[in-house]
2 protein chains.
Amino acid sequence: MSESKIKNMAEFASVSGISRPTISKYFNDPSSVRATIRTRIEAALEEHDYRPNIYAMNQNRRLTKNIGIVVPYLSDPFFAEIARNIEQRCIAAGFWPTLFSSHGSRELECNILDSLRSLKPAGVLFAPLGRASDRSVIEKFCKDVPTVLFDSDLEGIGAAFVGSDNFSFVAQSVEYLVRSGAPPCFFEMRTPANPNANKRRKAYISIMERLGFEPDVIKVDGEGWAFEDIGYRGAMRVLSEDTLASDTVLCSNDRLAIGFLAAAFEKGIRVGREPDSALRVAAHDDHPFSRFTCPSLTTVAHDYEAVSNRSVETLFELIEGGGRLTSRTEKLFEARLILRASA
Amino acid sequence: MSESKIKNMAEFASVSGISRPTISKYFNDPSSVRATIRTRIEAALEEHDYRPNIYAMNQNRRLTKNIGIVVPYLSDPFFAEIARNIEQRCIAAGFWPTLFSSHGSRELECNILDSLRSLKPAGVLFAPLGRASDRSVIEKFCKDVPTVLFDSDLEGIGAAFVGSDNFSFVAQSVEYLVRSGAPPCFFEMRTPANPNANKRRKAYISIMERLGFEPDVIKVDGEGWAFEDIGYRGAMRVLSEDTLASDTVLCSNDRLAIGFLAAAFEKGIRVGREPDSALRVAAHDDHPFSRFTCPSLTTVAHDYEAVSNRSVETLFELIEGGGRLTSRTEKLFEARLILRASA
DNA sequence: AAAAAATTTTAACGCGCGTCAATATTTTAT
DNA sequence: ATAAAATATTGACGCGCGTTAAAATTTTTT
């Protein structure tokens, strides 16, 4: 590699013997120049280690190659995993993804959208906070920036939604619990942050009724995103007061169940599907840690791959369509039951 | 707010009645203009909703207001938490942080540094992969970009290092275990990804010797960042073969311990500090989930706050010092014993 | 081999803002 | 009130690249 540092495109054009507009064209889309030219450019690139100034590049372009990824809570490994997946697909497609976390805060979520605007992204993949989101701010944002919502839906907002079918989660868990033992009660937060929680509760009630059982929803107090702690405290209370009407507990999500299991353990209550167990516990999400709970958690898994894959594909279609799709689509993926030891 | 969209600084200057260079100065540092001017600008800003084009801003500036944050593995909530902390401090100081995760991959880590270069960041906060890192690439990067390493040190690289004192972790755990029961064996990965693991092993050995006990290091197989699984498998083997020489196990980190505890539970081995327990288990890091293991995990906590705080402060000093500090500093924070139920 | 089509080159402008020098104005000190 | 210091304005250039129109070249078709 040559030692002389090349400081701009004109200089690189002259050392490579190709005109600047063609070089510019190449960097926008390498396949848009003739093969012979392309190989010459790439040879020169090997030699001279030049890279365009991204700020100058993006200044005039109406649309950048940036993609914003926004998740509500990155300290939750579930979102970290899905973000990783999405990120890599974007990179593979030649985009420049940037990851943001709202950290559970409405204000931060708004700030992020604000920053995102200045980034002039080609598109945004956005998992909103849910109940805490500022609908009007997000609605406005989605009008200006091509946005695909994922994980949790805000009805009517964004060009498309991709997520998991909450009904399918609950159908599988409830049906399994019923046929392998007894109908479950449903353990959840009183005021869940996420709209999926509401859909799961409704699904629980309707499935129980369809099967001819009385739904039994247990709501525990707690705000924010410290779900394990909320589950733990709620379970400690319920288990201390011995108010559980059922020996089968279906938690709205795995993180609550992690707390629930910790409480049960502390109380010396055996959880599992063996005959000598006092309680069965199941949940939804297949959180990365739910393999390592004690006992390991029976749960229902998202199709991570499918959700992230489809989200990204939908965004790409949206981008290629100039920011518009014919109509707002909602794609829900089926969930998959994961049998482990807890139920 | 006025409806007319302002499209550049000149236009905003004219509607606000202030000259463009002064507006420019304001955006670079609001405190650099006179108070009267500042309030007039801010009033106009309320009215007209103008924001400078960040690409044009950064194009000519030698140094941007960007700060890169690089962590080795974002799906580990430990890093997610510390990243969140650092991120917010940077924002508070008027910088624009961007978060990257190497996802445990050497190649990705190199790519990130590459991307970071084009961002022309004012500084970078970098937690390297460790053993898997490409030292020469990182060394080169740190020569060009003001960088503070945190969490895991690469000796001699970067302007400074901020982390936790591994010796202090192990001193506290070993001394506690000894005085409350028996000297522990040390449970770790055979080829740990992270240099902290090596320091912890060495600390364990030296502390045990100082106390007059025979060190006993148990190395389990496994590569990568799936520590819980590695701990689980390793523990299953050790517990099945019944080769533990000690009834007290000190895991190198909490994530291994999470796997270890899952294995012990599955084996029906009681863990805890009660007399009827067969095993005591402790570890290091105070991982966000270690409160919810069964039993809850006795561990030694990082001073999160101090580490992230000092990392950021050091980077700011570095930036203000024009990218150079008088000498490479290494700051290690003491750890804090957290007594829970497992030991 | 000539004509038609596709691509590249040349030349030049614009983008939005940083920055600078000279000048004008405001603030602070005397 | 006046002088000195600090700050703002005017006017202008440059940054690196996107983009365009017209001319030149290469490739493909016939």
Side-chain angles (χ1 to χ4, degrees), chain A residues 4-45 48-66 94 96 115 117-122 322, chain B residues 4-45 48-66 94 96 117-122:
Chain A
S4 60
K5 297 261 160 67
I6 284 162
K7 61 177 212 303
N8 59 35
M9 198 179 270
E11 223 169 86
F12 178 70
S14 75
V15 300
S16 65
I18 291 174
S19 72
R20 193 173 69 74
T22 304
I23 305 273
S24 172
K25 205 147 169 279
Y26 168 84
F27 279 111
N28 276 315
D29 176 8
S31 71
S32 70
V33 301
R34 256 198 305 252
T36 54
I37 297 278
R38 179 170 176 174
T39 48
R40 280 171 58 199
I41 293 178
E42 276 160 3
L45 235 31
H48 295 287
D49 177 43
Y50 157 76
R51 46 184 48 207
N53 179 314
I54 56 166
Y55 298 108
M57 268 182 62
N58 286 329
Q59 162 169 24
N60 300 319
R61 233 212 279 284
R62 210 166 50 82
L63 230 58
T64 67
K65 281 275 185 179
N66 297 325
W96 179 305
S115 304
R117 243 180 238 276
S118 348
L119 275 181
K120 301 184 189 187
Chain B
S4 59
K5 296 263 159 65
I6 284 163
K7 62 177 210 304
N8 60 33
M9 197 178 272
E11 222 170 89
F12 178 70
S14 76
V15 301
S16 65
I18 291 174
S19 73
R20 195 174 68 73
T22 303
I23 305 273
S24 171
K25 207 149 167 275
Y26 168 83
F27 279 110
N28 276 315
D29 175 9
S31 71
S32 71
V33 301
R34 259 201 300 255
T36 54
I37 297 278
R38 178 168 177 176
T39 48
R40 279 172 59 199
I41 293 178
E42 277 159 2
L45 235 31
H48 296 287
D49 178 43
Y50 157 78
R51 46 185 47 207
N53 179 315
I54 56 165
Y55 299 108
M57 268 182 60
N58 286 328
Q59 163 171 17
N60 301 319
R61 233 212 278 286
R62 210 167 51 83
L63 229 58
T64 67
K65 281 276 185 179
N66 297 325
W96 179 305
R117 243 180 238 278
S118 353
L119 275 181
K120 303 186 188 189

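We name chains A, B, ... by the order of the sequence lines, and we start the count at 1 in each one. This is a predicted model, so every value here is computed, not measured.
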Measure the [atom1]-[atom2] distance between [X] and [Y] for me, rounded to the nearest 0.5 Å.
X	Y	atom1	atom2	answer
B/Ile18	B/Ile41	CD1	CD1	4.5 Å
A/Tyr55	B/Asn66	OH	CG	4.0 Å
A/Ser14	A/Met9	OG	CE	13.0 Å
A/Lys120	A/Arg61	NZ	CZ	11.5 Å

Next on the checklist: Output the rounded distance in Å from CG (B/Asp29) to C1' (D/dT7).
Outcome noted: 14 Å
Checklist entry - Just how far, in rounded Å, is P of D/dT7 from CZ of B/Arg40? => result 16 Å
Next on the checklist: Looking at B/Lys25 and B/Ser32, would you say the former's side chain and the latter's main chain have a donor-acceptor pair under 3.5 Å?
Outcome noted: yes
Next on the checklist: Please determine whether a side-chain nitrogen or oxygen atom of A/Thr22 lies at a distance below 4.0 Å from atom OP1 or OP2 of C/dT9.
Outcome noted: yes
Checklist entry - Going 5' to 3' along nucleotides 13-20 of chain D, which nucleotides have protein heavy atoms under 4.0 Å from the base (write B), which only from the sugar-phosphate (write S), and which from neither (write -)? => result -BBBBBBB
Checklist entry - Can you find a heavy atom in the side chain of B/His48 that is under 4.5 Å from one in the side chain of B/Ser16? => result no
Checklist entry - Among all residues two or more places apart in sequence or in another chain, which pass the salt bridge (Lys or Arg N to Asp or Glu O under 4.0 Å) test with A/Arg51? => result B/Asp114
Checklist entry - Axis-to-axis angle across the helix from C/dA1-D/dT30 to C/dT30-D/dA1, five pairs an end, to 10 degrees? => result 10°
Next on the checklist: Between A/Leu119 and A/Trp96, does the side-chain contact (heavy atoms from CB on, under 4.5 Å) criterion hold? Intermediate values first, please.
Outcome noted: CA-CA 11 Å; A/Leu119 275 181; A/Trp96 179 305; over 6 Å; no
